[in-house]
Undergrad: 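Supplied in structure tokens, the structure appears directly below.
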Amino acid sequence: MTPAELSHAVQVAVRAAVEAGELSVDVPETVTVERPKNRDHGDYATNVALQLAKPAGKPPRAVAELVAARLRELPGVAKVDIAGPGFLNITLDAATQGELARSIVETGQAYGRNEALKGLKINLEFVSANPTGPIHIGGVRWAAVGDSLARILKATGADVTTEYYLNDAGVQISKFAASLQAAANGRPVPADGYVGEYIVDIAKAITDGVPGILELPEDEQLQAFRVHGLQLMVAEIKRSMDEFGTHFDTWFSEKSLHDSGAVEKAIERLREQGHVFDQDGAIWLRTTDFGDDKDRVLIKADGETTYFAADAAYYLSKRDRGSEVSVYMLGADHHGYVNRLKAIAACAGDDMNRNIEVKIGQFVKMLRDGEEVRMSKRAGNIITIDDVVDWIGVDAARYTLSRSSTDSTITLDINVLTSQTNENPVYYVQYAHTRMCGVARKAVQLGVDKGTAAEFKPELLATEWENDMLGALGEFPRVVAKAGQHREPHHVARYLEDLAGRYHRLYENCQFLPKGDEELTDTHRARLWLVEATKTVLANGLALLGVSAPERM
RNA sequence: GCGCUCAUAGCUCAACGGAUAGAGCACUUGACUACGGAUCAAGAGGUUGCAGGUUCGAAUCCUGCUGAGCGCACCA
């Protein structure tokens, strides 16, 4: 019996009590059934009686008794206790619980998928770092979290489009081009220009690849560096993302918004909604109508459109392309943008509490020899995505960056991650998977297998370790759904760590295969089903994080 | 000055408003004639920054305070 089925059963029990006239309350739409931390509290616990006590006008324990009496009648339910202030602690038959192992094995890669966000069209934009330099550590966090989130949202039934917004227009690109030109000509980098080895490398790649570029007139030469530099930098970013296992469905060009007239059209649309006004020779969007600190300029007095105008056009583009929920993942230094971005949606007539979500991710701090390594694209002393991958590898990088809530700043100690990689929990999780593969290999060696589904005897999975494991496996779809709904992939990572720990304990306490001269028993077979189910969940979970599930390490 | 985010074990971090706040690492003590010891068992480690409030119940929600990071452009 899955948690979802049990939740439904509890709800039915409440309804029966109401229909029998024993309870006078509205039947709740959903009933929370959770895995108690303390196993003395049964396989599952529900607080439904506590929540219904007040509206029913009865003591919680009295309500609990009414529900418990009905649950006890259900097949598969072994015991129902009332504990504490009125919790219902439910214990299932071993066979009912054990059935889950077969069900998971048969569901395979699809186990964990759910429909919590069924059909919801989500546009997920992340990284979107300026193409004026390599992706730095902050962007790496978003690459890991954003890509994992996309996988999780898909597993939760959403229709997801991932997107990288390329700021390929504007002043920063001009500075980038000027920096390349200066480097190529052996001139000092202009003020506010970009420095760093990558500038020299790209400049060299351009002069090598475009013969005669240094003989062009100054302005033509600058334009050539702009075009080729942008091209090379974007290619470099795409390569890094690809190697990091991060996929974007769309690479969206800011320049295309300007070139196509989308920016002007967006302003017109916002004007029709009545939120655009003229003042001091500039054209403004009245974002203060929707919680922003101040109104924002769309077109400056000199006639130039602002970056904010492109943002507005970009939001409308996402909307026009079918997005119901546009999720922006921004760094903590951009938190001031939250209100103005949401105001764009509101000014366009959308629901700013539903159609747009802006997630703020806290910084990643890196330590080396106990000192913080500052990251600055302009200083040239930067930690790039390639550095991180070289140091700790894709799996460890993705896992480490995905296992914490984006709300918290995280500190990565380079010395620890480079010298003692086994301190990273990803190895703990991956090792559990390799051990399960080892069991499978050993079984083949012994010439035994778990038998057919019809031969599987779920009631033999009765020890506390097996029960713990089954309970944890049953949680997986709910964990994925929660991670998707909260847009927080770290729930999946933490769950996998817990699962790996349970597996290691199970391994210590339950023999899966016959030793020496022993015969293969039904208990062995049942446990092999459980091991395979566990392996399935671990592999599915790691896949959601974009981390490999190795067969050997 | 205004605003956003954060504050949990020595460290890095968890905890749909639920029961005794948990993992990993580090530390102490044990377990390898094994299905991979990259493991397990046990121990120690906490007034969840401080003070109030809300309720059956608060690390979680509300208010104030303290501390930290960040942001407050007709820049991009």
Side-chain angles (χ1 to χ4, degrees), chain A residues 30 32 34 36-38 40-41 45 47 50-51 53-54 59-60 83-87 89 130 132 167 169-175 254 279-284 293-294 296-304 306-308 310-311 331-339 360-363 365 367 400 403-405 407-413 416 420-425 427-432 434-443 445-446 478 481-482 485-486 490-491 493-495 497-498 500-501 503-516 524 527-528 531 552-553:
Chain A
T30 57
T32 303
E34 62 181 9
K37 289 172 198 159
N38 185 337
D40 293 339
H41 295 152
N47 61 355
L50 288 162
Q51 293 185 329
K54 184 171 278 185
F87 288 104
N89 293 337
N130 279 352
T132 52
N167 300 123
V171 178
Q172 295 306 320
I173 296 295
S174 299
K175 288 178 181 169
E254 180 197 351
Q279 186 179 300
D280 302 331
I283 296 175
W284 302 67
D293 301 347
K294 55 189 71 171
R296 305 291 168 180
V297 171
L298 292 164
I299 299 180
K300 297 188 277 181
D302 65 7
E304 292 286 315
T306 60
Y307 188 85
F308 178 70
D311 278 341
D333 53 340
H334 284 69
H335 67 255
Y337 291 48
V338 176
N339 287 340
I360 296 300
Q362 298 301 315
F363 290 127
K365 189 190 287 187
L367 289 182
T400 307
R403 71 188 288 271
S404 299
S405 162
D407 286 340
S408 62
T409 56
I410 50 180
T411 303
L412 305 183
D413 189 322
V416 169
Q420 301 174 36
T421 49
N422 60 336
E423 287 184 16
N424 191 313
Y427 293 98
Y428 183 82
V429 175
Q430 288 182 319
Y431 180 57
T434 65
R435 271 184 145 184
M436 294 176 215
C437 294
V439 171
R441 282 193 293 270
K442 184 72 175 183
Q445 212 177 80
L446 295 175
R478 299 206 296 186
K482 185 165 99 174
Q485 287 168 319
H486 290 23
H490 78 276
H491 291 303
R494 297 292 170 162
Y495 167 80
E497 287 169 34
D498 177 74
Y503 179 74
H504 289 311
R505 288 189 280 281
L506 179 73
Y507 181 96
E508 295 292 325
N509 292 289
C510 296
Q511 188 70 23
F512 306 144
L513 291 167
K515 279 199 275 194
H524 288 131
R527 286 173 175 171
L528 287 173
V531 171
R552 299 170 194 273
M553 290 172 70

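Letters A, B, ... mirror the listed sequences (proteins, then strands); counts begin at 1. Quantities reported herein were computed from a predicted structural model and do not represent experimental measurements.
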Undergrad: When rounded to the nearest Å, what value does the distance between P atoms of B:rC50 and B:rU66 take?
TA: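 Each nucleotide's P atom is 15 Å from the other's.
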
Undergrad: Check every strand shown and say whether A:L50 touches a base, only sugar-phosphate, or nothing at a heavy-atom separation below 4.0 Å.
TA: base

Undergrad: May I ask you to test the A:Q172-A:K175 pair for a side-chain heavy-atom distance under 4.5 Å?
TA: yes

Undergrad: Can you tell me the pairing partner of B:rG30 across any strand shown, Watson-Crick or G-U wobble, with both distances under 3.5 angstrom?
TA: B:rC40

Undergrad: A:Y427 has an atom OH; how far is it from atom P of B:rA23, in whole Å?
TA: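 One finds 24 Å between P of B:rA23 and OH of A:Y427, rounded.
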
Undergrad: State, with a plain yes or no, whether a side-chain heavy atom of A:I173 is found less than 4.5 Å away from one of A:T132.
TA: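 Yes, at least one pair of side-chain atoms sits under 4.5 Å.
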
Undergrad: Reckon A:C437 touches a base, only the sugar-phosphate, or nothing at all at heavy-atom distances under 4.0 Å?
TA: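 A:C437: no heavy atom of the nucleic acid under 4.0 Å.
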
Undergrad: For a quick test of reading the model: is some side-chain N or O of A:K300 closer than 4.0 Å to OP1 or OP2 of B:rC75?
TA: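 Answer is yes, contact under 4.0 Å.
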
Undergrad: What is the nucleic acid contact for A:R552, judged by heavy atoms within less than 4.0 Å: base, sugar-phosphate only, or nothing?
TA: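 Base: the residue A:R552, judged by heavy atoms under 4.0 Å, touches a nucleobase.
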
Undergrad: Quote, to the nearest angstrom, the P distance that separates B:rG30 from B:rC70.
TA: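 Result for the P pair: 48 Å, nearest Å.
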
Undergrad: From the set B:rA38, B:rC56, B:rC74, return the single nucleotide nearest to any side-chain atom of A:W284.
TA: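 Between B:rA38, B:rC56, B:rC74, the one nearest the side chain of A:W284 would be B:rC74.
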
Undergrad: Closest to the A:Q51 side chain: B:rU12, B:rG18, B:rU5?
TA: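 The closest nucleotide is B:rG18.
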
Undergrad: Stepwise, does the side chain to side chain donor-acceptor pair (under 3.5 Å) test hold for A:D311 with A:Y337?
TA: CA-CA 10 Å; A:D311 278 341; A:Y337 291 48; over 6 Å; no

Undergrad: Would you indicate what A:R296 reaches in the nucleic acid, counting non-hydrogen atoms under 4.0 angstrom: base, sugar-phosphate, or nothing?
TA: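 It contacts nothing in the nucleic acid.
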
Undergrad: Would you mind classifying the nucleic acid contact of A:N167 as base, sugar-phosphate or nothing, using non-hydrogen atoms under 4.0 angstrom?
TA: nothing

Undergrad: Just N and O in the side chain of A:H41: are any of them under 4.0 Å from OP1 or OP2 of B:rG18?
TA: no

Undergrad: Does B:rG22 pair with anything, Watson-Crick or G-U wobble, both distances under 3.5 Å, and if so, with which nucleotide?
TA: B:rC13

Undergrad: Given B:rA73, B:rU12, B:rC74, which nucleotide is nearest the side-chain atoms of A:A282?
TA: B:rC74

Undergrad: Using the closest heavy atom to pick a nucleotide of RNA chain B for each, name whichever of A:R435 or A:G281 lands nearer the 5' end.
TA: A:R435

Undergrad: Are A:Y507 and the base of B:rC35 stacked, counting only ring centres nearer than 5.5 Å and planes tilted under 30°?
TA: yes

Undergrad: Using only side-chain N and O atoms of A:Y428, determine if any of them is under 4.0 Å from OP1 or OP2 of B:rC40.
TA: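 Checking B:rC40 against A:Y428, a side-chain N or O does come within under 4.0 Å of OP1 or OP2.
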
Undergrad: Nearest to the side chain of A:N47 - B:rA14, B:rG18, B:rU20?
TA: B:rG18

Undergrad: For the C1' atoms, the ones on B:rG46 and on B:rG10, what distance do you get once it is rounded to whole angstrom?
TA: 12 Å

Undergrad: Contact class for A:A332 (heavy atom, under 4.0 Å): base, sugar-phosphate, or nothing?
TA: sugar-phosphate

Undergrad: Mind checking A:D293 for me? I need base, sugar-phosphate or nothing, with any heavy atom below 4.0 Å counting as a touch.
TA: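 Counting heavy atoms under 4.0 Å across all strands, no contact is made by A:D293.
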
Undergrad: Answer yes or no: is there a side-chain heavy-atom contact under 4.5 Å between A:T306 and A:I299?
TA: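 No, every pair of side-chain atoms sits at 4.5 Å or beyond.
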
Undergrad: Rounded to whole angstrom, note down the C1' distance from B:rG64 over to B:rU54.
TA: 15 Å

Undergrad: Do A:F363 and A:I410 have side-chain heavy atoms sitting under 4.5 Å apart?
TA: no

Undergrad: Give none if B:rC70 has no partner; otherwise give the nucleotide forming a Watson-Crick or G-U wobble pair with it, both distances under 3.5 Å.
TA: B:rG3

Undergrad: Taking the P atom of each, how far is B:rG45 from B:rA9, in whole Å?
TA: 15 Å

Undergrad: Any non-hydrogen side-chain atom of A:L50 less than 4.5 Å from a side-chain atom of A:F87?
TA: yes

Undergrad: From B:rG18, B:rC70, B:rA14, pick the nucleotide closest to the side chain of A:S405?
TA: B:rA14

Undergrad: How far, in whole Å, is B:rG17 from B:rA59 if one measures between their C1' atoms?
TA: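 Between the two C1' atoms, the distance is 11 Å.
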
Undergrad: Starting at atom CD of A:E497, determine the distance to atom P of B:rC25, rounded to an integer number of angstrom.
TA: 10 Å

Undergrad: Hey, is the side chain of A:K37 poking within less than 4.0 Å of OP1 or OP2 on B:rA19, counting only N and O atoms?
TA: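 Result: yes.
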
Undergrad: Select one nucleotide: of B:rC56, B:rA14, B:rC4, the one nearest the side-chain heavy atoms of A:H335.
TA: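 The answer is B:rC4.
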
Undergrad: Using a heavy-atom cut-off of under 4.0 Å over every strand shown, decide if A:Q511 touches base, sugar-phosphate, or nothing.
TA: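 If one applies the 4.0 Å heavy-atom cut-off, A:Q511 turns out to touch a base.
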
Undergrad: Work out how far the P atom of B:rA21 is from that of B:rU12, and round it to whole angstrom.
TA: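 To the nearest whole Å, 23 Å.
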
Undergrad: For A:E508 and B:rU39, what is the distance between atoms CD and P respectively, to the nearest whole Å?
TA: 10 Å

Undergrad: Just checking A:Q279: base, sugar-phosphate only, or nothing, at a heavy-atom cut-off of under 4.0 Å?
TA: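 Base contact.
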
Undergrad: For A:H490, report the nucleic acid contact type (base, sugar-phosphate, nothing); a contact means any heavy atom under 4.0 Å.
TA: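 Since only primed, P, OP1 and OP2 atoms lie under 4.0 Å of A:H490, the category is sugar-phosphate.
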
Undergrad: Please indicate yes or no: is the ring centre of A:F87 less than 5.5 Å from the centre of the six-membered base ring of B:rA19, with the two planes inclined by under 30 degrees?
TA: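 Yes, the aromatic ring of A:F87 stacks with the base.
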
Undergrad: Regarding A:R435 and the six-membered ring of A:Y507, is the cationic atom NZ or CZ under 6.0 Å from the ring centre and inside 45° of its axis?
TA: yes

Undergrad: For B:rU8, give its Watson-Crick or G-U wobble partner with both distances under 3.5 Å, or none.
TA: none

Undergrad: Could you tell me the Watson-Crick or G-U partner of B:rC61, where both distances fall under 3.5 Å? Say none if there is no partner.
TA: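 Paired with B:rC61, as far as the under-3.5 Å criterion goes, is B:rG53.
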
Undergrad: By the 4.0 Å heavy-atom rule, please label A:F308 as base, sugar-phosphate, or nothing.
TA: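 Result for A:F308 = nothing.
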
Undergrad: For nucleotides B:rA68 and B:rG22, find the distance between their C1' atoms and express it as a whole number of Å.
TA: 25 Å

Undergrad: Any side-chain N or O of A:H504 less than 4.0 Å from the OP1 or OP2 oxygen of B:rG37?
TA: no

Undergrad: Students often get this wrong, so: under 4.0 angstrom with heavy atoms, is A:D40 touching a base, only sugar-phosphate, or nothing?
TA: nothing

Undergrad: Report which part of the nucleic acid A:T32 touches: base, sugar-phosphate, or nothing (heavy-atom distance under 4.0 Å, all strands).
TA: base

Undergrad: So, does A:Q511 use its side chain to make a donor-acceptor pair with the main chain of A:L513 at under 3.5 Å?
TA: yes

Undergrad: Is B:rG45 paired to anything, Watson-Crick or G-U wobble with both distances less than 3.5 Å, and if yes, which nucleotide?
TA: none

Undergrad: Under 4.0 Å, heavy atoms only, any strand: does A:I410 hit a base, just the sugar-phosphate, or nothing?
TA: sugar-phosphate

Undergrad: So, do A:P514 and A:H524 sit near enough that their side-chain heavy atoms are less than 4.5 Å apart?
TA: yes

Undergrad: Just to confirm, is there a sub-4.0 Å distance from OP1 or OP2 of B:rC40 to any side-chain nitrogen or oxygen of A:Y503?
TA: no

